[in-house]
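Computed from a predicted structure; not experimentally measured.
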Amino acid sequence: MDPEGLKHLAAVHVEREFVDSNPDYNYRVVIGDSRRMSEVTDESVHLTVTSPPYPMVSIWDELFAENSASSYDDMHEYLNETWREIKRVLFPGGIACINIGDATRTSNGVFHLYPNHSRIIENFEKLGFVTLPYVLWKKPTNRPHYKGKGAFLGSGFLPPNAYVTVDMEYILIFRKGPPRTFPPKDPKRYDSKFTKKERDEWFSQVWKVPGARQEIDGLERRVAAFPEEIPRRLIRMFSILGDVVLDPFLGSGTTLKVAMDLDRKFVGYEKLPQLSEIVKRKVGVNHRQVEFLEQGRVINELVASSMHEEG
């Protein structure tokens, strides 16, 4: 079969649902690379919530190096491949929420700040997204760290050579085109409403939410989970009951667990197969409702089925 035929099969559309081998599953995890989300059909996802690897933060150096991304520009180009896929799979008016932190690093004796949040904003705008006001996430339990030590950057109490501590992360919010439209009095939309107290807190620009404790032996450097409260707020704010939520950097499965709790459908991508068991433990007894797929399996099954019919 020619490449165009494969492309057509990969993009099979069934009522704007993402392609899968078993339509009975509303929650799916693909063990594979989110830079090529061929298992997800065009315009089938309503909301993306994710926290990608942070460029120039040491715990992710190995991951980027494995993908030949050693410079700041290369690291962001690596992420750009996933951002382009997000644009393809998002429904018109769909929202993408990206949790990212800036980085600081001393190289050859020179201190550098790497503004990851501004680079990602630039790259999303180049893709045609609308940038919405972002959230500043302050982690109340965090202490400033420098070279692994709990200390402020620079010379302590003596001016002028200290640096402001980086203790905020960004939750960047982008929309694909104009806002979504709904029929008048759409029941799912009205059943998804939040309270005045929730609105006032969630739509304020600074959030004080404690960070998640990292307790995964041997893999914490590759997971760096955010707390459930972050995706919980974002899913409530930017989706309605029954919507499809995507996390292209799934990690330990926090976004999946919250999406299940909030009655949203879900698809996630994770490159490390060994994290499947961790995801199952996080989801708990509901893990039987989650279908785990190997990347490319769905397309291969579609191709094989088509070739069999032709034969």
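- The shortest side-chain heavy-atom distance between Trp137 and Asn99 falls under the 4.5 Å cut-off.
- Looking only at distances, a side-chain donor or acceptor of Trp207 sits under 3.5 Å from a matching main-chain atom of Trp202.
- Side-chain heavy atoms closer than 4.5 Å link hydrophobic residues (I, L, V, M, F, W, Y) into clusters, and following such links, possibly through other members, connects Val206 to Leu172.
- By the 4.5 Å heavy-atom criterion applied to side chains, Ile98 and Ile171 are not counted as neighbours.
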For the pair Glu122 and Ile120, evaluate side-chain contact (heavy atoms from CB on, under 4.5 Å) and give the outcome as yes or no after the intermediate values. CA-CA 5 Å; Glu122 291 174 3; Ile120 289 176; over 6 Å; no
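- In this structure, a donor-acceptor pair under 3.5 Å is absent between the side chains of Thr82 and Arg35.
- Screening Phe182, Phe91, Phe266 for a ring pair (Phe, Tyr, Trp, His ring centres under 6.0 Å) with His46, the sole residue that qualifies is Phe91.
- Expressed to the nearest 0.5 Å, how far CD1 of Ile278 lies from CD of Glu270 amounts to 9.0 Å.
- Within the 4.5 Å cutoff, the side chain of Lys282 has no heavy atoms near those of the His287 side chain.
- By the 30° and 60° cut-offs, the orientation of the rings of Phe124 relative to Phe174 is parallel.
- Side-chain atoms of Trp83 and Lys87, non-hydrogen and from C-beta on, never get closer than 4.5 Å to each other.
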For His112 and Ser107, what are the C-alpha separation, side-chain angles and deciding distance, and is it a side-chain contact (heavy atoms from CB on, under 4.5 Å)? CA-CA 7 Å; His112 296 273; Ser107 178; 4.0 Å; yes
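- The ring of Phe194 has its center closer than 6.0 angstrom to the ring center of Phe203.
- For Lys280 and Asn286, the side-chain atoms include no donor-acceptor pair closer than 3.5 Å.
- Looking at Ser192, its side chain never comes within 3.5 Å of a backbone N or O of Ile240 through a donor-acceptor pair.
- With respect to the salt-bridge test (charged N to carboxylate O, under 4.0 angstrom), the residues Glu81 and Arg36 qualify.
- Closest approach of Gly251 and Val279 over heavy atoms only: O-CG2, 3.5 Å.
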When you look at Ile31 and Gln295, which way does the side-chain contact (heavy atoms from CB on, under 4.5 Å) test go after all the steps? CA-CA 6 Å; Ile31 304 302; Gln295 192 161 39; over 6 Å; no
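- Counting only heavy atoms from C-beta outward, the side chains of Asp61 and Met75 approach each other to under 4.5 Å.
- Taking the side chain as every heavy atom from C-beta outward, Pro52 and Tyr78 never approach each other to under 4.5 Å.
- At distances below 3.5 Å, at least one donor-acceptor pair connects side-chain atoms of Ser204 with backbone N or O atoms of Asp200.
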Where do Tyr54 and Phe64 land on the ring pair (Phe, Tyr, Trp, His ring centres under 6.0 Å) test, with the steps shown first? CA-CA 9 Å; Tyr54 294 5; Phe64 284 115; 9.7 Å; no
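- The two residues Leu79 and Pro53 make their nearest non-hydrogen contact at CD1-O, 3.8 Å.
- Looking at heavy atoms from C-beta onward, Arg264 lies in side-chain contact with Ile235 at the 4.5 angstrom threshold.
- Judged purely by atom type and a 3.5 angstrom limit, Asp186 uses its side chain to pair as donor or acceptor with the backbone of Lys188.
- In this structure, Asp243 does not pair ionically with Lys265, as no charged nitrogen and carboxylate oxygen lie closer than 4.0 Å.
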For Phe226 and Val49, run side-chain contact (heavy atoms from CB on, under 4.5 Å): C-alpha distance rounded to whole Å, both residues' side-chain angles, the deciding distance at 0.1 Å, then the answer. CA-CA 11 Å; Phe226 48 19; Val49 175; 4.3 Å; yes
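- Counting heavy atoms from C-beta outward, Tyr269 and Glu39 have side chains that approach closer than 4.5 Å.
- Between the side chain of Asp102 and the backbone N or O of Asn116, at least one donor-acceptor pair lies under 3.5 Å.
- Note that CG of Leu262 and CG of Leu241 are 8.5 Å apart. Values are rounded to the nearest 0.5 Å.
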May I have the step-by-step check of side-chain hydrogen bond (donor to acceptor under 3.5 Å, both in side chains) for Thr131 and Glu125, ending in yes or no? CA-CA 7 Å; Thr131 302; Glu125 290 193 341; 2.8 Å; yes
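- For Asn123 and Asn80, the side-chain atoms include at least one donor-acceptor pair closer than 3.5 Å.
- Salt bridge annotation for Glu201-Arg233: present, with a cationic side-chain nitrogen under 4.0 angstrom from a carboxylate oxygen.
- Using a distance-only test at 3.5 Å, with no hydrogens or angles considered, no donor-acceptor pair links the side chain of Thr106 to the main chain of Gly109.
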